[in-house]
Enquirer: 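I am attaching a structure below and will ask some questions about it afterwards.
The structure presented is a predicted model; accordingly, all values stated were derived computationally and were not measured.
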Amino acid sequence: MNTASFLSAVPVWPAGRSTVMNDFVLFRAIFNGETGKIYTLRLTGSTLYRVRLNGEFLAYGSARGPKGYFRIDEIPFNASAGENVLEIEVSGCNVNSYYYMDQPSFLQAEVCLGETVIACTGKDFAAYDLSAERVRKVSRYCYQRMFAEVYRVKPARIGLAELKLETFPARRYLPRTVPFPEYKMDSSYKPVRTFRRGRDLQVETQYRYYDDRPEFKCYRHGDLEFDAYTDLKQLTYDENGSIVSTLYGGRINNTGFIRLKVNCKTPGRLTVMFSEIAPENCVEPTRQSAVNAIFWNLLEPGLYELEAIEANTLKYAEVFMEGGAAEVLDFSLREYKSPLGWDYSFPCDDPDLKAVFDAGRETFAANAVDCFTDCPSRERAAWLCDSFFTAQTSLMLTGSTLLERFFLENFALADEFEHIAKGAIPMLYPGDHTDQSFIPNWAMWLIIQTNEYRKRSGDRELVSLIKPKFDAFIQYMETFQNSDGLLENLTKWVFVEWSMANKFVQDVSYPTNMIYAVALESMAEMYGEPHFADRAAAIKETIRKQSFDGMWFRDHGVRQEDRSLLVPESDITETCQYYAFFTRCATPESHPDLWKRLCTEFGPDRKEKGLWQEIYPSNAFIGNYLRLELLSQAGFHEQVLRETTGYFKKMADLTGTLWEHDNTHASCCHGFASYINVLMVRALDARAAEK
């Protein structure tokens with residue numbers, strides 16, 4: 001593994017505050033610069049930081065690593081002649097989340113000219129308290145991410161209190177390895193309409209994560225200085241209300257840092273609520289149980305230039321002022337997306353297919369800044385299974401496995417996976433799992449993805465490094481093996497798909513055993529251990545005997561009181577059929593009638609045609625994608641293109657991104673969904689080859 005290090009800098013943080021939740025500190029170094037020379041800022045820390053040079057935005061970090069490791073950003077820059085002011089704002093979170101690991105706050109930074117250190121933490125950086133500016137005891141943004149942003153600000157920062165710093169031992173370091181975003185500006189957000197809101201102050205609501213989950217770190221409900229969740233819940237749609245709200249709409253559902261230029265005439269609280277969709281022509285601020293808002297208490301009249309320190313995802317925003325008066329002069333977004341993949345040229349002029357491809361590219365970029373993520377909105381978490389698909393998009397768009405290695409390296413380098421069963425692999429990582437939850441199926445997908453990565457990259461080093469974790473997982477799975485050789489009664493969150501298929505995952509889940517068999521085959525291929533392949537063949541044969549009823553593969557077997565296994569006749573899902581063919585428990589040759597039915601009588605228009613209503617339908621994640629992958633493998637490329645339009649054109653039209661579900665119920669920008677670009681390009685290449 002590549003390593004990284006500092007020349008002189010040491011980790012620092014204000015004395016006694018390294019474990020304070022939602023801390024906010026400004027670090028400043030002043031140095032003399034020369035024009036015509038390239039300086040380097042080298043830094044890392046916990047948790048988030050934003051860098052400004054002479055008042056101008058420079059960079060944002062940090063890239064994520066496994067627990068106990070910290071990735072060093074190296075940022076080249078041009079200094080001004082004479083005095084330069086480098087400022088690094090650091091948000092020390094210190095809570096469990098799916099975004100960053102819960103680790104004590106620190107910053108380690110140095111400015112270098114070649115090998116000469118110009119300024120470094122531990123010597124040249126002063127620290128200033130920003131806890132008066134950012135309200136500390138506020139609601140979490142959601143279960144999966146850290147805190148909501150609530151501020152008390154003036155037009156300019158003056159009179160900040162300097163803090164005494166303490167130093168800490170050196171950490172273990174890794175290089176960033178993935179490129180920085182370009183931080184482009186999206187100025188497409190324009191006023192759509194102005195309307196009125198009111199408040200129902202009688203609404204009392206308790207954010208369900210505050211007090212009923214002892215493992216969940218936050219400021220408890222009774223200790224909050226500002227209850228952002230309740231504040232948003234009290235908002236009503238009231239044509240006679242006193243709140244004048246302006247709805248802004250953007251070009252697409254984009255991801256980045258919300259920015260406003262505001263002329264405050266009378267002090268008050270400016271609220272910006274945001275959302276991926278606006279079905280009622282207004283924002284639903286607590287959509288997906290999150291605090292989709294930023295609050296700026298403007299303390300004095302004057303001109304404000306405001307920017308959030310967390311990236312969010314939005315196509316729409318509402319802006320309103322309470323208790324004062326202000327005019328929004330500009331609303332924009334500083335994009336936070338991968339710079340890779342934009343040069344790939346889509347080989348087709350069909351406007352519908354191009355719209356889907358562009359939406360897929362936008363979706364990929366928002367979910368590939370460092371780790372592959374599920375969504376850039378509520379979670380921004382590095383989930384397995386999603387990554388199996390996103391990695392293939394990454395190779396096609398970027399021509400490299402650079403991003404995939406970054407993702408897999410975090411799993412491979414982890415010393416241990418805390419809080420979950422010994423041998424288990426977390427469903428996402430980096431991330432804290434203090435509730436002891438994990439998805440056993442997702443570790444199976446990690447094994448399969450790693451084998452595919454080996455074929456794509458030829459990287460034996462990482463494949464060897466991660467092997468002990470795979471061996472431990474297989475040993476753990478063997479504790480659930482029943483007398484038929486199948487996995488039975490897996491614990492925690494057994495997950496197949498976002499559909500009725502996930503109602504049928506106990507006691508013996510056939511889709512789970514199908515994908516487990518492929519994981520074992522992958523182990524045999526990666527490590528040259530044929531007994532894994534023998535075991536996989538036996539599992540597949542048993543599945544065929546128990547699950548296939550002559551017409552369909554049924555989803556599960558239920559253990560009866562007499563210990564016999566009943567396979568319910570009514571529990572049949574479309575997704576189970578796709579799992580069977582994807583894992584080659586079935587093939588078009590071995591099950592021709594079922595294959596023909598799936599190809600000709602299922603798809604995006606099945607519901608409209610009223611076909612096979614007794615078979616529970618698939619959702620986007622992952623059934624519809626498995627279907628299209630199977631059609632692609634079979635060479636039905638024109639059908640893939642037709643069904644692509646049927647499944648995804650509505651998404652491209654509505655948000656310009658691709659969704660987690662086949663409706664807007666969940667995330668409307670989900671990384672795995674960009675895989676449709678791979679299938680489209682494969683189909684178009686086949687069409688071109690036939691000509």
Enquirer: Can Asn253 and Thr313 be said to form a side-chain contact (heavy atoms from CB on, under 4.5 Å), step by step?
Expert: CA-CA 7 Å; Asn253 182 35; Thr313 303; 3.4 Å; yes

Enquirer: If every non-hydrogen atom of Glu601 is compared with every non-hydrogen atom of Arg606, which pair is closest and at what distance?
Expert: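 Nearest pair, atom of Glu601 first, then Arg606: O-CD, 3.6 Å.
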
Enquirer: Is any side-chain heavy atom of Phe407 closer than 4.5 Å to a side-chain heavy atom of Gln449?
Expert: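 A side-chain contact under 4.5 Å exists here.
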
Enquirer: Got a second to check how far Glu276's CD is from Cys375's SG, nearest 0.5 Å?
Expert: 7.5 Å

Enquirer: Between Tyr143 and Phe216, is the gap from one ring center to the other below 6.0 Å?
Expert: yes

Enquirer: Between Tyr616 and Phe504, is the gap from one ring center to the other below 6.0 Å?
Expert: yes

Enquirer: Do Phe581 and Leu594 come within less than 4.5 Å of each other through their side chains, counting heavy atoms only?
Expert: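 Sidechains of Leu594 and Phe581: in contact.
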
Enquirer: Within a 6.0 Å radius of atom NZ on Lys455, are there more than 12 heavy atoms belonging to other residues, nucleotides or ligands?
Expert: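 Check passes, neighbour count above 12.
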
Enquirer: Working to the nearest 0.5 angstrom, can you tell me the gap between Leu684 CG and Leu353 CG?
Expert: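 Taking CG in Leu684 and CG in Leu353, the distance rounds to 6.5 Å.
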
Enquirer: Locate the shortest heavy-atom distance separating Tyr527 from Val463; write the atom from each residue and the value.
Expert: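 That would be OH-O, 2.7 Å.
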
Enquirer: Aromatic ring centroids of Trp383 and Trp445 under 6.0 Å?
Expert: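 Here the rings of Trp445 and Trp383 have centres that are no less than 6.0 Å from each other.
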
Enquirer: So, does Asn96 use its side chain to make a donor-acceptor pair with the main chain of Asp432 at under 3.5 Å?
Expert: no

Enquirer: Can you check whether Asn367 reaches Cys669 side chain to side chain, under 4.5 Å on heavy atoms?
Expert: yes

Enquirer: Taking 4.0 angstrom as the limit, do Asp350 and Lys354 come out as a salt bridge?
Expert: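 So Asp350 does not pair with Lys354 through a salt bridge.
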
Enquirer: In Å and rounded to the nearest 0.5 Å, what is the CG to CD1 distance from Leu641 to Ile676?
Expert: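 Interatomic distance, Leu641 CG to Ile676 CD1, rounded to 0.5 Å: 8.5 Å.
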
Enquirer: Kindly say whether Val558 contributes a backbone atom to a donor-acceptor pair with the side chain of Gln560 at under 3.5 angstrom?
Expert: yes

Enquirer: Is it true that Asp471 and Lys467 have a side-chain N and a carboxylate O under 4.0 angstrom from each other?
Expert: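 Answer for the salt bridge query: yes.
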
Enquirer: Just do the salt bridge (charged side-chain N to carboxylate O under 4.0 Å, His left out) check on Glu574 and Arg597 with the steps written out, would you?
Expert: CA-CA 11 Å; Glu574 180 182 358; Arg597 281 198 302 277; over 6 Å; no

Enquirer: Go through the steps to decide whether Asp507 and Arg559 satisfy the test salt bridge (charged side-chain N to carboxylate O under 4.0 Å, His left out), and finish with yes or no.
Expert: CA-CA 6 Å; Asp507 297 325; Arg559 190 66 63 185; 5.8 Å; no

Enquirer: According to side-chain contact (heavy atoms from CB on, under 4.5 Å), who are the partners of Val369, at least two apart in sequence or on a separate chain?
Expert: Pro181, Tyr336

Enquirer: Whether the side chain of Trp342 engages the backbone of Ser338 through a donor-acceptor N/O pair (distance < 3.5 Å, no angle test) should be reported.
Expert: yes

Enquirer: Which pairs with one or both residues in residues 533-544 pass side-chain hydrogen bond (donor to acceptor under 3.5 Å, both in side chains), sequence neighbours excluded?
Expert: Gln481-Arg535, Glu521-Lys540, Glu541-Arg544

Enquirer: Which pair of heavy atoms, one from Ile277 and one from Arg287, lies closest together, and at what distance?
Expert: CD1-NE, 3.7 Å

Enquirer: Quick check on side chain to side chain contact (heavy atoms under 4.5 Å, CB included): which of Ile448, Ile539, Ile515 does Leu520 satisfy it with?
Expert: Ile539

Enquirer: Would you check if the side chain of Thr479 reaches a backbone N or O of Tyr476 as a donor-acceptor pair within less than 3.5 Å?
Expert: yes

Enquirer: Does Glu569 have more than 12 heavy atoms from other residues, nucleotides or ligands lying within 6.0 Å of its CD?
Expert: no

Enquirer: Testing Leu403, Asp386, Leu408, Thr393 for side chain to side chain contact (heavy atoms under 4.5 Å, CB included) with Phe372, which one passes?
Expert: Leu403

Enquirer: Is the shortest side-chain heavy-atom distance between Arg627 and Tyr578 below 4.5 Å?
Expert: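 Answer yes - side chains close enough.
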
Enquirer: Just verifying a value: how many Å separate Thr583 OG1 and Met514 CE, rounded to the nearest 0.5 Å?
Expert: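 Atom-to-atom, Thr583:OG1 and Met514:CE are 5.5 Å apart.
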
Enquirer: Under 3.5 Å, side chain of Asp571 to main-chain N/O of Asp555, donor-acceptor pair present?
Expert: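 Side chain of Asp571 to backbone of Asp555: no pair is present.
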
Enquirer: Answer yes or no: is there a donor N or O on one side and an acceptor on the other, between the side chain of Thr401 and the main chain of Glu404, under 3.5 Å?
Expert: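 Checking the backbone N and O of Glu404 against the side chain of Thr401, no donor-acceptor pair under 3.5 Å is found.
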
Enquirer: CG of Asp212: more than 12 outside heavy atoms within 6.0 angstrom?
Expert: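 It does: Asp212 CG has more than 12 such atoms within range.
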
Enquirer: Does a side-chain heavy-atom distance below 4.5 Å link Met427 with Leu384?
Expert: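 Not in contact.
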
Enquirer: Of all residues at least two apart in sequence or in a different chain, which pass the side-chain contact (heavy atoms from CB on, under 4.5 Å) check with Ala359?
Expert: Ala652, Leu658

Enquirer: Using atom types as modelled and distance alone, determine if a side-chain donor or acceptor of Tyr579 lies under 3.5 Å from a backbone N or O of Val496.
Expert: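 Such a contact is found between Tyr579 side chain and Val496 backbone.
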
Enquirer: Taking the six-membered ring for Trp, are the ring centroids of Tyr625 and Phe672 within less than 6.0 Å of each other?
Expert: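 Between Phe672 and Tyr625, which both carry aromatic rings, the centre distance is below 6.0 Å.
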
Enquirer: Can the ring centres of His591 and Phe553 be said to be less than 6.0 Å apart?
Expert: yes

Enquirer: Pick from Arg380, Arg145, Gln144: which one makes a side-chain hydrogen bond (donor to acceptor under 3.5 Å, both in side chains) with Tyr99?
Expert: Arg380

Enquirer: So, for Tyr98 and His433, is the gap between ring centers shorter than 6.0 Å?
Expert: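 Under 6.0 Å, so yes.
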
Enquirer: side-chain hydrogen bond (donor to acceptor under 3.5 Å, both in side chains): which pairs involve residues 493-502, sequence neighbours left out?
Expert: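 Residue pairs with at least one partner in residues 493-502: Glu497-Ser499, Glu497-Thr575, Trp498-Glu660.
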
Enquirer: Is there a side-chain contact between Met523 and Ile447 (heavy atoms, below 4.5 Å)?
Expert: yes

Enquirer: Would you say Ile622 and Cys385 make side-chain contact, with heavy atoms under 4.5 Å?
Expert: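 Ile622 reaches Cys385 side chain to side chain.
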
Enquirer: Apply side-chain contact (heavy atoms from CB on, under 4.5 Å) to residues Arg454 and Glu525 and explain how you reach the verdict.
Expert: CA-CA 10 Å; Arg454 175 185 64 86; Glu525 289 184 21; 3.8 Å; yes

Enquirer: Are any of the side-chain heavy atoms of Leu487 and Met477 separated by less than 4.5 Å?
Expert: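 Of all side-chain heavy-atom pairs linking Met477 with Leu487, at least one is under 4.5 Å.
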
Enquirer: Just checking Arg584: does its CZ atom have more than 12 heavy atoms from other residues, nucleotides or ligands closer to it than 6.0 angstrom?
Expert: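 Not buried by this count: 12 neighbours or fewer within 6.0 Å.
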
Enquirer: Quick one: list whatever passes side-chain contact (heavy atoms from CB on, under 4.5 Å) with Thr286, sequence neighbours left out.
Expert: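 Thr286: side-chain contact (heavy atoms from CB on, under 4.5 Å) contacts with Tyr229, Leu232, Lys233.
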
Enquirer: At their closest point, which heavy atom of Ser618 faces which heavy atom of Asp662, and how far apart are they?
Expert: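 Shortest heavy-atom separation between Ser618 and Asp662 comes out as O-OD2, 4.0 Å.
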
Enquirer: Does the Asp370 side chain pair with the main chain of Arg64, one donor and one acceptor, at a distance under 3.5 Å?
Expert: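 Checked: pair present.
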
Enquirer: Is the backbone of Leu486 close enough, under 3.5 Å, to the side chain of Asp484 for a donor and an acceptor to pair up by distance?
Expert: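 Checking the backbone N and O of Leu486 against the side chain of Asp484, no donor-acceptor pair under 3.5 Å is found.
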
Enquirer: To the nearest 0.5 Å, tell me how far Leu395 CG sits from Glu452 CD.
Expert: 11.0 Å

Enquirer: Could I get the full list of side-chain contact (heavy atoms from CB on, under 4.5 Å) partners for Ala524, not counting sequence neighbours?
Expert: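 Residues passing side-chain contact (heavy atoms from CB on, under 4.5 Å) with Ala524: Phe532, Ala533.
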
Enquirer: Out of curiosity, Ile420 CD1 to Tyr429 OH, how far, rounded to the nearest 0.5 Å?
Expert: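 The OH atom of Tyr429 is 10.0 Å from CD1 of Ile420, to the nearest 0.5 Å.
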
Enquirer: Ignoring hydrogens and geometry, is there a side-chain-to-backbone donor-acceptor pair from Lys469 to Ala414 under 3.5 Å?
Expert: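 Answer holds: yes.
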
